[in-house]
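Heads up, the thing below is written out as structure tokens.
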Amino acid sequence: MTTDRIELRGIAAFGFHGVLAHEQELGQTFVVDATLELDLSRAGASDELADTVDYGALSDDLGRVVSEERYDLIERLATRLTEVCLSRPQVDAVTVTVHKPHAPVPVTLADVAVTVRRAR
């Protein structure tokens with residue numbers, strides 16, 4: 001069981017996800033958190049980027065998915081983001097939360113979020 005983690009919090013990107021026509025036309029900001037579970041002992045000993053996940057590159061990839069791909073449901077977006085994280089061979093499992101703070105709902109709310117966890 002892996003106990004090491006890399007946490008990416010607050011990746012904000014503008015995207016066009018939602019079932020309503022105006023969400024798909026106007027877009028909105030989404031915020032992504034990702035927690036990677038992996039063995040960091042090799043990187044801890046070697047001090048080499050090749051022995052871990054380049055979180056800068058991964059953050060870019062996650063932001064690009066939010067801004068360039070389009071999904072009706074943030075459940076699908078969250079699942080797609082887990083696939084991107086698991087494409088890194090060092091990652092054993094990942095938990096991704098997609099926040100939709102400007103969700104069009106008839107009440108005042110601070111945030112709507114979907115969390116998905118996937119493992120190899």
Side-chain angles (χ1 to χ4, degrees):
M1 175 169 157
T2 304
T3 57
D4 301 333
R5 295 187 312 243
I6 294 174
E7 296 185 20
L8 308 173
R9 297 192 184 274
I11 300 167
F14 196 83
F16 298 86
H17 312 285
V19 296
L20 301 177
H22 74 273
E23 292 179 294
Q24 296 173 7
E25 292 171 22
L26 302 175
Q28 60 191 290
T29 299
F30 295 83
V31 180
V32 175
D33 300 325
T35 300
L36 313 175
E37 298 174 38
L38 65 165
D39 184 352
L40 294 175
S41 60
R42 188 171 176 182
S46 72
D47 199 29
E48 295 292 329
L49 182 59
D51 291 331
T52 188
V53 171
D54 181 341
Y55 55 78
L58 179 57
S59 297
D60 276 350
D61 290 347
L62 297 175
R64 199 169 10 267
V65 167
V66 173
S67 63
E68 295 179 4
E69 299 179 17
R70 291 179 179 229
Y71 300 104
D72 287 347
L73 301 177
I74 60 173
E75 291 85 345
R76 174 61 188 128
L77 175 59
T79 299
R80 175 72 180 103
L81 295 169
T82 65
E83 294 166 358
V84 171
C85 294
L86 287 172
S87 73
R88 274 43 182 197
Q90 303 93 332
V91 177
D92 298 321
V94 62
T95 302
V96 169
T97 300
V98 174
H99 302 267
K100 189 175 180 179
H102 306 292
V105 294
V107 296
T108 301
L109 62 94
D111 190 20
V112 171
V114 169
T115 300
V116 174
R117 183 180 188 279
R118 298 288 183 266
R120 295 193 189 281

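The figures that follow rest on heavy atoms only: side chains count, while hydrogens, waters and symmetry mates do not.
Neither Val31 nor Tyr55 shares a network with the other; the hydrophobic side chains, linked directly or stepwise wherever heavy atoms of I, L, V, M, F, W or Y lie under 4.5 Å apart, form separate groups for each.
Judged by distance alone, the side chain of Gln24 and the main-chain N or O of Gly18 form a donor-acceptor pair under 3.5 Å. Side-chain atoms of Arg120 come within 3.5 Å of backbone N or O of Leu86 as a donor-acceptor pair. Checked by atom type and distance alone, the side chain of His102 never pairs as donor or acceptor with a backbone atom of Thr29 at under 3.5 Å. At distances below 3.5 Å, at least one donor-acceptor pair connects side-chain atoms of Gln90 with backbone N or O atoms of Thr52.
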Q.
Apply salt bridge (Lys or Arg N to Asp or Glu O under 4.0 Å) to residues Glu83 and Arg76 and explain how you reach the verdict.
A. CA-CA 11 Å; Glu83 294 166 358; Arg76 174 61 188 128; 3.5 Å; yes
Q. Checking side-chain contact (heavy atoms from CB on, under 4.5 Å) for the pair Thr35/Arg117: CA distance, chi angles, key distance, verdict?
A. CA-CA 9 Å; Thr35 300; Arg117 183 180 188 279; over 6 Å; no
Q.
With side-chain contact (heavy atoms from CB on, under 4.5 Å) as the criterion, how do Ile6 and Leu40 come out once you've worked through the C-alpha distance, each side chain's angles and the decisive distance to 0.1 Å?
A. CA-CA 9 Å; Ile6 294 174; Leu40 294 175; 4.1 Å; yes
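Of all non-hydrogen atoms in Gly10 and Asp33, the two that sit nearest each other are N-OD1, 2.8 Å. Nearest heavy-atom pair across Leu77 and Val65 is CD1-CG1, 3.9 Å. In this structure, Asp92 and Asp39 approach most closely via the heavy-atom pair OD2-N, 4.0 Å.
Atoms CG and CZ, on Asp61 and Arg88 in that order, are 4.5 Å from each other to the nearest 0.5 Å. Of the inter-residue distances, the one linking Thr95 atom OG1 with Leu81 atom CG reads 12.5 Å to the nearest 0.5 angstrom. Here Asp111 contributes atom CG and Lys100 contributes atom NZ; the two are 11.0 Å apart, rounded to the nearest 0.5 Å. Taking OG1 of Thr82 as the reference point, atom CG of Leu62 lies at 10.0 Å (rounded to 0.5 Å).
Counting heavy atoms from C-beta outward, Thr79 and Arg118 have side chains that approach closer than 4.5 Å. The closest side-chain heavy-atom distance from Leu36 to Leu58 is below 4.5 Å.
The neighbour count for Arg42 CZ, taken as heavy atoms of other residues, nucleotides or ligands under 6.0 Å away, does not exceed 12.
Applying the salt bridge (charged side-chain N to carboxylate O under 4.0 Å, His left out) criterion to Glu7, with sequence neighbours excluded, gives Arg5, Arg9. Scored by the side chain to side chain donor-acceptor pair (under 3.5 Å) test, Ser46 finds Asp51 as partners (sequence neighbours excluded). Every residue meeting the side-chain contact (heavy atoms from CB on, under 4.5 Å) condition with Ser59, not counting sequence neighbours, appears here in chain and number order: Leu8, Ile11. Remark: Arg70 pairs with no residue by the side chain to side chain donor-acceptor pair (under 3.5 Å) rule, at least two apart or across chains. With sequence neighbours left out, Phe14 forms a ring-ring contact (aromatic ring centres under 6.0 Å, His included) with Phe16. Not counting sequence neighbours, the partners of Glu69 by the side chain to side chain donor-acceptor pair (under 3.5 Å) test are Tyr71, Arg80.
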